[in-house]
Structures are given as structure tokens and as C-alpha cells.
K.L.:
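Mind having a look at this structure? Questions to follow.
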Amino acid sequence: MTIPAADYIRAIAPYQPGMPISELARRYGLDESSIVKLASNENPFGMPEGARAAAIACLAEGARYPDGNGFDLKQALSAVFDVPPDWITLGNGSNDILEIAARALLHPGVSAVYSAHAFAVYPLATQASGARSIVVPARRYGHDLDAMAAAIAPDTRVVFIANPNNPTGTFVPAGRIEAFLDRVPKDVVVVLDEAYNEYLDEADRFDSTRWLAGRPNLLVSRTFSKAYGLASLRVGYGLAQPELTDLLNRVRQPFNVSTPALVAAEAALADRDFVARARANNRSELDRLEGEFRTMGIEFLPSFGNFSLLRVGDAAAVYEGLLRAGVIVRPVAGYGLPEWLRVSVGLPAENDRFLAALRPLVGR
Ligand SMILES: *Cc1c(COP(=O)(O)O)cnc(C)c1O
């Protein structure tokens, strides 16, 4: 039997997540506690304590559906970002926000624009909608916004931008994003995916939410999965003017964010120290990793996220060697980067384990 499915669904290459710790433990008979996972840009500090307590406490009400409108979390986000609650869409991770935007705006016969080496969910969400992908060549591995603006076609409905980008770690400064927004036709929605915004240094960070007021075609996407340490709970949010937010709300699953996720996100948002600690560790450990790569003569891309992309040559062999040493990193051949590996910034001891395992594999 052949199950009927559209050709554009059959053409999708499924997302390849970082290997779970339990899978590597099974594969080589390793003790899970001995494994270092630096494969999914998770927060090495774990969850904020208050978020953990809130999530556990709410399980007593586990038989009840969550608040489908996420009233309390939207109130909290509204206060932090100074946007009204009806400008906010909550998602099952920010991945959900990207997919909701694609479902609301894309369909066969229209197109989406995104960069080569950009986040894998842009092609996935575009393909699943049946829309055409316009993939713009990268400039030194980062977004070439001039080329992206020029690539917008009459049928383009969405442009996806990751800033900083994953997996390349590249970053486009505020002035260039703003100039790009001014060039984009008003009927093309720009999805500005800022999953790593909280990791930016003070000097680079800018408040993209203030661009929302004059731009009904802008959707800013953020997540609690990275700097806030809630990757497993799945909660992200989109900020946009009410007309676009209303469209997104029409295709959103009614209960797309669980109660543990809602209450944990609210607690995490209030814990400014946690994010500051994660940012400080990231800054010093990223500097250290990049210094070590330089010493080893390994090419890398200077990163604005909580990960580094390094060129190791035979990436499949180095990946496998690291696995055998109990260290999980991320192959990125699927991003058109077959010689590179992406490693997330961990705690100092985790990074030490990674560096010690890496040295003999690259002949240092
Ligand atoms: C991790 C990541 C996301 C989404 O993660 P969620 O867990 O779904 O919030 C979105 N964009 C980029 C660029 C990412 O790296």
C-alpha cells in the first residue's frame, strides 16, 4: 500500500536532533552521569530553581487543561517588554511560533525567503506548507541582508531571519536589521528569530521590540529554551501587532503550552540573576574555547550565541571519536557544512572534557 501524500511532504528531510544522553549510554554501555552533552545549546546551569518549584507545584492540577490564553505569562511578558498582551503569541517552544507563522501565511503558490546555513526549522516549516523556498547564499556564513531583500519575489509572504543565527553563530547589528525592515514590502512578514538574544553582550544587544510599533509586518520570536533553561518544557513567544497576532492565534493549537511550561516560564522571567549568570559563564567559556581552537589551529566562526562552530575536516570521524569519549556535539552536514561541528558552551568542567577529547582527534 502506498499512502497518498503530497510530493512536498515526501521531499522533507526530517529534523535531526542532538543525540540524547540515554541513547549514547545504550550505544556504548556508558554510565549516563559520565556523558557530557554539548549538542543542543541547552543551558548548562539547568533550570532556574523557582521555575522548577513552580512546575512541580502545578502538577497537582495536572488533570485540568492549561489556560489556553496564557493570561498570567502574557501579563508578565507585557510588563517586561512594554507591549500589550494582545501583541503576544505563546508557543510550544519558539519552534511552534515559526510553524504557526508558516501555517498562517504560507501555502502552495507562494514563497518564503531565508539564508543558506540558517536554522533548520525555516526549510521544514516552509516545505510542510507547500510553499516555495528561496534560499539566499550566505555571506561569510552569515545572513546577506542585501541579497535577501533583492531575492524577495512578488509571491513572497515571509522572510525568516535568525539573529544570532544557529548553527553559524553569526550576528547582524541593529542598524542593518532596521535598514532591511525599511526595504521589505509591507505585505511581506519578517520573522525575526532571536532565540539567543539574551546571550548577546550589552554592547550588541538592542531592543527589537521597539520596532514593532511602526511595523505591522514584523514578528519577533523569542524562547525560554536557551538562556532561561527550560528547553524540555517547550515555551516560546512571538511579539507582533494585533492583526498579525490574531492570524497566528487562528491556527495555533488551543492548548499549545502546558501548565508546567506556563508557570515555569513566568518564574524564569522573574529570575534576572539566573540569566546573568548563564551569560557570564557563556562569555568567559566561549572566549576560552575560541582561544583553545586558535592554539590548536582550528578554524572557527566567532560566535554571538552559546555555541561555537568549528571546522575539523572529517567531521563524521571527529564526531564519532568524541562520542566514544562520552562527549556529544552536533554534526551540521545537513546545514551544508560537512566539515564543521557545532559545540554548545558548557560549564568549565564540561568544556574541559570536550577539549581533552578533541585534541587527539585533531592531532594536537
Ligand atoms: C533553539 C532555537 C530555536 C527554538 O527553540 P525552541 O526550543 O523551540 O524555543 C529557534 N531558533 C533558533 C535559531 C534556535 O537555535
Side-chain angles (χ1 to χ4, degrees), residues 66-106 112-114 118-122 124-126 128-129 131 157-166 177 180-181 184 186-198 206-228 230-231 233-258 261-262 264-266 268-269:
D67 173 0
N69 289 316
F71 180 86
D72 291 331
L73 179 56
K74 284 187 186 174
Q75 290 296 126
L77 288 166
S78 169
V80 169
F81 294 110
D82 197 25
V83 297
D86 66 346
W87 291 39
I88 303 172
T89 305
L90 300 180
N92 190 244
S94 60
N95 202 316
D96 193 28
I97 299 295
L98 305 173
E99 301 230 0
I100 287 172
R103 204 176 316 139
L105 303 166
L106 298 177
V113 169
Y114 51 85
F119 187 46
V121 170
Y122 312 154
L124 284 173
T126 302
S129 75
R157 297 293 165 81
V158 177
V159 178
F160 291 104
I161 295 175
N163 201 40
N165 183 46
N166 168 22
I177 298 274
F180 175 81
L181 294 174
V184 171
K186 296 284 165 276
D187 58 354
V188 174
V189 169
V190 176
V191 179
L192 185 58
D193 174 359
E194 299 187 321
Y196 301 96
N197 174 272
E198 296 83 3
F206 55 88
D207 184 9
S208 54
T209 63
R210 75 184 154 76
W211 295 335
L212 291 166
R215 292 183 174 84
N217 60 332
L218 176 63
L219 171 62
V220 174
S221 164
R222 303 259 180 99
T223 183
F224 284 95
S225 296
K226 308 283 161 60
Y228 288 100
L230 303 183
L233 290 177
R234 314 302 304 129
V235 49
Y237 53 98
L239 305 174
Q241 287 195 21
E243 185 190 348
L244 178 51
T245 300
D246 173 66
L247 282 171
L248 302 181
N249 193 44
R250 287 164 195 265
V251 299
R252 177 180 68 80
Q253 278 187 47
F255 302 104
N256 60 334
V257 188
S258 72
L262 290 169
E266 203 185 332
L269 193 63

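Note that the structure is a prediction, hence the values are computed from the model and not measured. Side chains included, hydrogens not; waters and symmetry mates left out as well; all remaining heavy atoms used.
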K.L.:
For the residue pair L262 and P66, what are the closest heavy atoms and their distance?
P.N.:
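Shortest heavy-atom separation between L262 and P66 comes out as CD1-CB, 4.2 Å.
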K.L.:
With heavy-atom distances below 4.5 Å as the criterion, would you say the side chains of I97 and L219 are in contact?
P.N.:
yes
K.L.:
If every non-hydrogen atom of S78 is compared with every non-hydrogen atom of I88, which pair is closest and at what distance?
P.N.:
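Reported closest heavy-atom pair: N-CD1, 3.8 Å.
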K.L.:
Grab the two heavy atoms, one from A112 and one from L106, that are nearest each other, plus how far apart they are.
P.N.:
CB-CD1, 4.0 Å
K.L.:
Does L90 reach the side chain of L73, with side-chain heavy atoms less than 4.5 Å apart?
P.N.:
yes
K.L.:
Once you round to the nearest 0.5 Å, how far does CD of Q75 lie from CD of E266?
P.N.:
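Output value for this atom pair is 9.5 Å.
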K.L.:
Taking C-beta and beyond as the side chain, do V159 and V188 meet within less than 4.5 Å on heavy atoms?
P.N.:
yes
K.L.:
Is the number of heavy atoms from other residues, nucleotides or ligands under 6.0 Å of F255 CZ greater than 12?
P.N.:
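Above 12, so yes.
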K.L.:
Which residues pass the salt bridge (Lys or Arg N to Asp or Glu O under 4.0 Å) test with E194, sequence neighbours left out?
P.N.:
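Per chain and number, E194 pairs via salt bridge (Lys or Arg N to Asp or Glu O under 4.0 Å) with R222.
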K.L.:
Measuring from atom OG1 of T223 to atom CG of N197, what distance do you get when rounded to the nearest 0.5 angstrom?
P.N.:
11.5 Å
K.L.:
Measuring from R215:CZ to S208:OG, what's the distance to the nearest 0.5 Å?
P.N.:
11.0 Å
K.L.:
Consider only side-chain N and O atoms of N165 and Y196, and report whether a donor and an acceptor are under 3.5 Å apart.
P.N.:
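Checked: N165/Y196 side chains show no N/O donor-acceptor pair below 3.5 Å.
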K.L.:
A265 and F224: which non-hydrogen atoms are nearest, and at how many Å?
P.N.:
O-CE2, 3.5 Å
K.L.:
Please confirm whether the backbone N or O of D187 pairs with a side-chain atom of N217, one donor and one acceptor, at under 3.5 Å?
P.N.:
no
K.L.:
Roughly how far apart are T209 OG1 and L77 CG, rounded to 0.5 Å?
P.N.:
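So the OG1 of T209 and the CG of L77 are separated by 11.0 Å.
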K.L.:
Side-chain contact, heavy-atom cut-off 4.5 Å: V190 with L181?
P.N.:
yes
K.L.:
Name the one of L239, V220, L192 that satisfies side-chain contact (heavy atoms from CB on, under 4.5 Å) with W211?
P.N.:
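So the option named by the test is L192.
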K.L.:
I want to know whether Y237 and W87 have ring centres closer than 6.0 Å.
P.N.:
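Aromatic pair excluded; centres sit 6.0 Å or further apart.
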K.L.:
Output yes when a side-chain donor or acceptor of S129 lies under 3.5 Å from a complementary backbone atom of R103, and no otherwise.
P.N.:
no
K.L.:
If I take atom CZ from residue F119 and atom CG from residue L124, how far apart are they, to the nearest 0.5 angstrom?
P.N.:
8.5 Å
K.L.:
Would you list the atom pairs, donor with acceptor, under 3.5 Å between side chains in residues 240-253 and any protein atom, with sequence neighbours excluded?
P.N.:
{"from": "Q241", "atom 1": "NE2", "to": "L212", "atom 2": "O", "distance (Å)": "2.8"}
{"from": "Q241", "atom 1": "NE2", "to": "A213", "atom 2": "O", "distance (Å)": "2.7"}
{"from": "T245", "atom 1": "OG1", "to": "A240", "atom 2": "O", "distance (Å)": "2.9"}
{"from": "T245", "atom 1": "OG1", "to": "Q241", "atom 2": "O", "distance (Å)": "3.0"}
{"from": "D246", "atom 1": "OD2", "to": "R250", "atom 2": "NE", "distance (Å)": "3.0"}
{"from": "D246", "atom 1": "OD2", "to": "R250", "atom 2": "NH2", "distance (Å)": "2.9"}
{"from": "N249", "atom 1": "OD1", "to": "R252", "atom 2": "NE", "distance (Å)": "2.9"}
{"from": "N249", "atom 1": "OD1", "to": "R252", "atom 2": "NH2", "distance (Å)": "3.1"}
{"from": "R252", "atom 1": "NH1", "to": "G68", "atom 2": "O", "distance (Å)": "3.1"}
{"from": "R252", "atom 1": "NH1", "to": "P254", "atom 2": "O", "distance (Å)": "3.3"}
{"from": "R252", "atom 1": "NH1", "to": "N256", "atom 2": "OD1", "distance (Å)": "3.0"}
{"from": "R252", "atom 1": "NH2", "to": "G68", "atom 2": "O", "distance (Å)": "3.1"}

K.L.:
Where is the tightest heavy-atom contact between D96 and G91, given as atom of each residue plus distance?
P.N.:
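Heavy atoms of D96 and G91 come nearest at OD2-CA, 3.5 Å.
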K.L.:
Using every non-hydrogen atom in the two residues, find where T126 and Y122 come nearest and quote the distance to one decimal.
P.N.:
OG1-O, 2.7 Å
K.L.:
Kindly indicate whether the side chain of Y114, heavy atoms from C-beta on, has any atom under 4.5 Å from the side chain of V158.
P.N.:
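Heavy-atom side-chain distance check fails, nothing below 4.5 Å.
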K.L.:
Backbone N or O of F71 within a donor-acceptor pair of the N69 side chain at under 3.5 Å?
P.N.:
no
